[in-house]
Number of protein chains: 2
Amino acid sequence: MSLEHAILVSLAERSASGYDLTRRFDKSIGHFWKASHQQIYKVLGRMEKGDLVSAAVVEQDGRPDKRVYEITADGRHELRDWTVLPTPVERLRSDFAVKIRGMQFGDRDAMVTDIGRHRDAHQGQLDFYLADAAKHYPGDVSDEDLGAYLVLRGGIRYEQGQIEWLDEMLERLASR
Amino acid sequence: MSLEHAILVSLAERSASGYDLTRRFDKSIGHFWKASHQQIYKVLGRMEKGDLVSAAVVEQDGRPDKRVYEITADGRHELRDWTVLPTPVERLRSDFAVKIRGMQFGDRDAMVTDIGRHRDAHQGQLDFYLADAAKHYPGDVSDEDLGAYLVLRGGIRYEQGQIEWLDEMLERLASR
DNA sequence: AGGAGCATGTAACTAGTTACATGATTGT
DNA sequence: ACAATCATGTAACTAGTTACATGCTCCT
């Protein structure tokens, strides 16, 4: 159900079409909750029925019409109510960790290569986050931006932790 | 499809019934891949049809019969082949992060409480991992245990990173 | 007498993925 | 001519969750 909430947060920040949301879910908010356009359109339809969002058709020239969604008062209430409920503490669910765990039954060389790939990918993501932080939050953070900033900080710490772990593994595996 | 691989890894370590696997998925391997017993029985059935595992009915006295699953040669091949393929780099998918991101639209006090709850939960998990590491790997780690050890190291780093992030948030929010 | 543990399932549902579909405009 | 961007969907499928079901033994 949390795609609904992610959409509500995104629309509370700024109204958008399904297409706009899809792009947002490819970056910013999508860094910690990804969604395909198919899923987004499906959920938007359900949310419109539930009066959490309302749609307005906007005609454009040279481009197809679009349905711009706006959060409703009900939607804002739902969002606030949701923040009051305790969030279940999530467990990790990692394909990669399962594979590491099964290392002894696999191909050691291929796995070292794969660990290196992951290291590079996480380094890339970290660089992206750091650039983003430097660009958007060079000084004090406004109350309005605090949530986005804190999540970005979480992303940075996560990527750093991953890189440290991946490096630790590479070091251990190099000496065998 | 990765529950299959998680089960293969677990059965490669030691044969087990669906019930045994369920308990394992409540601890050890379940720390980074959780699964319900319903899902486990369903997947075991599919895997048996695909000859990745084979079952033997074991009669017990004072307890119900059980079907003990063993990994087959095909299963071991599948596991090895899987380790050779590159693992897609996963993005985070976090309800909690979405909620933090939407902080400005929610109840600040409730969220501070929730962050505290998460902090405690992650501290508890970290303590558990540290005790596990101290108990099982006080000295050198054998080749056989390396995968499990490295994943445990990953878990420790992950929990530490989370706690640091949660503390950072609590500190920032206390001063507003 | 009641609850916890052992043991295995079915049924109904929700969320999410993958593949396919359409059609206009703008840039190379 | 061809690809990319804008824009919105349907259809078929897979994975996972929640609720329900059964029945025996051991412990308090």
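Owing to the predicted nature of the structure, the values given are computational and were not obtained by experimental measurement. Note on naming: letters A, B, ... go to the chains in the order of the sequence lines (proteins, then strands), and numbering restarts at 1 for each one.
Within the nucleic acid shown, T22(A) has no heavy atom closer than 4.0 Å to any nucleic acid atom.
Atom-to-atom, NZ of K66(B) to C1' of dC24(D) comes out at 15 Å; the value is rounded to the nearest Å. In this structure, the CG atom of D20(B) is 12 Å from the C1' atom of dT8(C), given to the nearest Å. If you take CD of Q39(A) and P of dT14(D), they are 17 Å apart, rounded to a whole angstrom. Distance CD (Q60(B)) to P (dG23(D)): 19 Å, rounded to an integer number of Å. The nearest whole Å value for the distance from the CD1 atom in I40(B) to the P atom in dT8(C) is 11 Å. Taking atom CZ of R67(B) as the reference point, atom C1' of dC6(C) lies 16 Å away to the nearest angstrom. D65(B) has its CG atom 15 Å from the P atom of dG23(D), to the nearest Å. The distance from atom CG of L44(A) to atom P of dA7(D) is 14 Å, rounded to the nearest whole Å.
Ion pairing of R23(B) with D20(B) is present here, as a side-chain N (NZ or NE/NH1/NH2) and a carboxylate O approach within less than 4.0 Å.
Geometrically, R93(A) engages W33(B) in a cation-pi contact, judged by NZ or CZ lying under 6.0 Å from the ring centre and within 45° of the ring axis.
In this structure, H31(A) has its ring center under 6.0 Å from that of Y129(A).
When distances are taken from the side chain of P64(A) to each of dA7(D), dG9(D), dT17(D), the shortest belongs to dA7(D).
A close approach under 4.0 Å does occur between a side-chain nitrogen or oxygen of R23(A) and OP1 or OP2 of dC6(D). Remark: K34(A) is in phosphate contact with dT17(C), judged by side-chain N or O atoms under 4.0 Å from OP1 or OP2. Residue Y19(B) has a polar side-chain atom (N or O) positioned under 4.0 Å from OP1 or OP2 of dC6(C). One finds no side-chain N or O of R63(B) lying less than 4.0 angstrom from the OP1 or OP2 phosphate oxygen of dG23(D). At dT8(C), one or more side-chain N or O atoms of Y41(B) fall inside 4.0 Å of OP1 or OP2 (strictly under the cut-off). When the side-chain nitrogen and oxygen atoms of S36(B) are compared with OP1 and OP2 of dT18(D), none of them lie within a distance under 4.0 Å.
One side chain, R24(B) or S10(B), offers a donor N or O that lies under 3.5 Å from an acceptor on the other.
Taking the six-membered ring where tryptophan is involved, the planes of F96(B) and H118(B) are essentially parallel, since the angle between them stays under 30° and well short of 60°.
Both H37(B) and L3(A) lie close to DNA chain C; mapped to their nearest nucleotides by heavy-atom distance, the more 5′-ward contact belongs to H37(B). Nearest-nucleotide positions on DNA chain C for R46(A) and Q38(A) put R46(A) closer to the 5' end. Comparing K42(A) and V68(A) along DNA chain D, the residue whose closest nucleotide (by nearest heavy atom) sits nearer the 5' end is V68(A).
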